[in-house]
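Numbering of residues begins at 1 and proceeds along the displayed sequence.
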Amino acid sequence: MRAKHTINKAKHKVSFEEAQTVFYDADAIVIDDLDRSETEERFIILGFSAKANLLIVFHCCRESDRVIRIIFARKVTTKKSRQYAEFN
């Protein structure tokens, strides 16, 4: 897990600690990630982090939906940012 966090931080400039804060955004959008996995149910959340960055976080739920596993997180592109603004 630590290696995945380090890779995500280097590649996308977003720590998993910051990514976790998106789940507290009351206006966040959660959708099913049907394209990414055939073996587990995955989701995408789009919302603002505690650092006011608009992030997209790919994740799944484990242990009867009590544990959220972050797969990767990154800052949102300008196009996705506009879509988020239009949706909210």
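When the side-chain contact (heavy atoms from CB on, under 4.5 Å) test is applied to Lys11, no partner is found at least two apart in sequence or on another chain. Qualifying side chain to side chain donor-acceptor pair (under 3.5 Å) partners for Asn8, counting only residues two or more places apart in sequence or in other chains: none. In this structure, Tyr24 has no ring pair (Phe, Tyr, Trp, His ring centres under 6.0 Å) partners at least two apart in sequence or on a different chain.
Residue Ala50 comes nearest to Thr21 through the heavy atom pair N-OG1, 2.9 Å, listed as atom of the first residue, atom of the second, then distance. Across all non-hydrogen atoms, the minimal contact from Phe16 to Ala73 is CE1-N, 4.4 Å. Across all their heavy atoms, Leu55 and Ala19 have their closest contact at CD1-CA, 3.9 Å.
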Test log, rule side-chain contact (heavy atoms from CB on, under 4.5 Å), inputs Glu18 and Lys13 | CA-CA 10 Å; Glu18 179 182 1; Lys13 309 294 187 256; over 6 Å; no

Is there a side-chain contact (heavy atoms from CB on, under 4.5 Å) between Val14 and Lys9 once you walk through the steps?
-> CA-CA 5 Å; Val14 175; Lys9 176 88 171 161; over 6 Å; no

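Annotation: the span from Cys61 atom SG to Arg69 atom CZ amounts to 10.5 Å, rounded to 0.5 Å. With rounding to the nearest 0.5 angstrom, the CZ atom of Phe58 is 4.0 Å from the CD1 atom of Ile44.
For the pair Asp25 (side chain) and Phe48 (backbone), a donor-acceptor distance under 3.5 Å is present.
Aromatic ring orientation, Phe23 versus His59: perpendicular (interplanar angle above 60°, classes split at 30° and 60°).
Only one option out of Ile31, Val30, Ile56, Val57 pairs with Leu46 in a side-chain contact (heavy atoms from CB on, under 4.5 Å); it is Ile56.
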